[in-house]
Amino acid sequence: MSTLFRLYKALPSATPRKVTALRPLFLAPMCLVRRQMSSSLSHESKCVPCEGIGAPLTPAEAESKHALVPLWELNDGRTRMSREVDTANFLSAIDAIKRIAPIAENEGHHPDLHLTDYKKLKVELWTHALGGLTDNDFIMAIKIDTILDRLEAENDDTQSLINAQALLS
């Protein structure tokens, strides 16, 4: 364990404001190590503070991680990624946004959400502070995929129920 990390862990939770402001400096080396070790990202992974990441992924790194989220499109510079979803209706699109928002807030990593044509949702990810993609974006994409897949399954179940009721009447 590094000396800086030991110092950070030794700080009491109720520290004066000046010392608390230094905590990101103690975390930075650990965040850099975490980035280098993060070859397997999953929906259980957590986003790390942007201050500790250092630099965005290179285009080659972003391309290699793209296999984790094949429904997402990388832009030409490999600095952003997006996914477009055609939801069942307006309320379904709003429901998707309402499900994404608390996850993004909890992770401290916020996507751009665009709702157009009343039911088309575009989710765009990149690490704004670094101007490119980081592991955080891929973590969020995995989590958003889980949300959108669940929502799609619920919409399919609802549509099947509507179709079954129509056949019975």
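Positions are given from 1, in the same order as the sequence printed here. Scope of the values below: all heavy atoms of this structure, side chains included, with no hydrogens, waters or symmetry mates.
- Residues satisfying the salt bridge (charged side-chain N to carboxylate O under 4.0 Å, His left out) test with Glu63, not counting sequence neighbours, are Arg78.
- Residues passing the ring-ring contact (aromatic ring centres under 6.0 Å, His included) test with His128, sequence neighbours excluded: Trp126.
- Of the charged side-chain nitrogens involved, none lies within less than 4.0 Å of a carboxylate oxygen, so that Arg83 and Glu73 do not count as a salt-bridged pair.
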inquiry  = Please evaluate residues Leu57 and Lys65 with respect to the criterion side-chain contact (heavy atoms from CB on, under 4.5 Å), reporting the C-alpha separation (whole Å), side-chain torsions for both, the decisive distance (0.1 Å), and the verdict.
reply    = CA-CA 10 Å; Leu57 298 171; Lys65 292 180 186 290; 3.8 Å; yes

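- Checked against side-chain contact (heavy atoms from CB on, under 4.5 Å), Ala96 has the following partners two or more places apart in sequence or in another chain: Leu121, Leu148, Leu151.
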query = Does the side-chain contact (heavy atoms from CB on, under 4.5 Å) test come out yes or no for Met81 and Asn75, once each step is laid out?
reply = CA-CA 6 Å; Met81 63 180 166; Asn75 72 347; over 6 Å; no

query = Are Phe90 and Leu115 close enough, and set up right, to give a side-chain contact (heavy atoms from CB on, under 4.5 Å), and what steps lead you there?
reply = CA-CA 9 Å; Phe90 179 75; Leu115 178 58; 3.7 Å; yes

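- The one candidate from Asp135, Asp137, Leu130 that meets the side-chain contact (heavy atoms from CB on, under 4.5 Å) condition with Leu133 is Asp137.
- Scanning for side-chain hydrogen bond (donor to acceptor under 3.5 Å, both in side chains) contacts around Trp72 gives Asp145, with sequence neighbours left out.
- Every residue meeting the salt bridge (charged side-chain N to carboxylate O under 4.0 Å, His left out) condition with Lys120, not counting sequence neighbours, appears here in chain and number order: Asp117.
- Using a 4.5 Å cut-off on side-chain heavy atoms (C-beta onward), Ile142 and Val69 make contact.
- The pair Lys122-Asp112 does not count as a salt bridge, with every side-chain nitrogen at least 4.0 angstrom from each carboxylate oxygen.
- Residues meeting the salt bridge (charged side-chain N to carboxylate O under 4.0 Å, His left out) test with Arg150, sequence neighbours left out: none.
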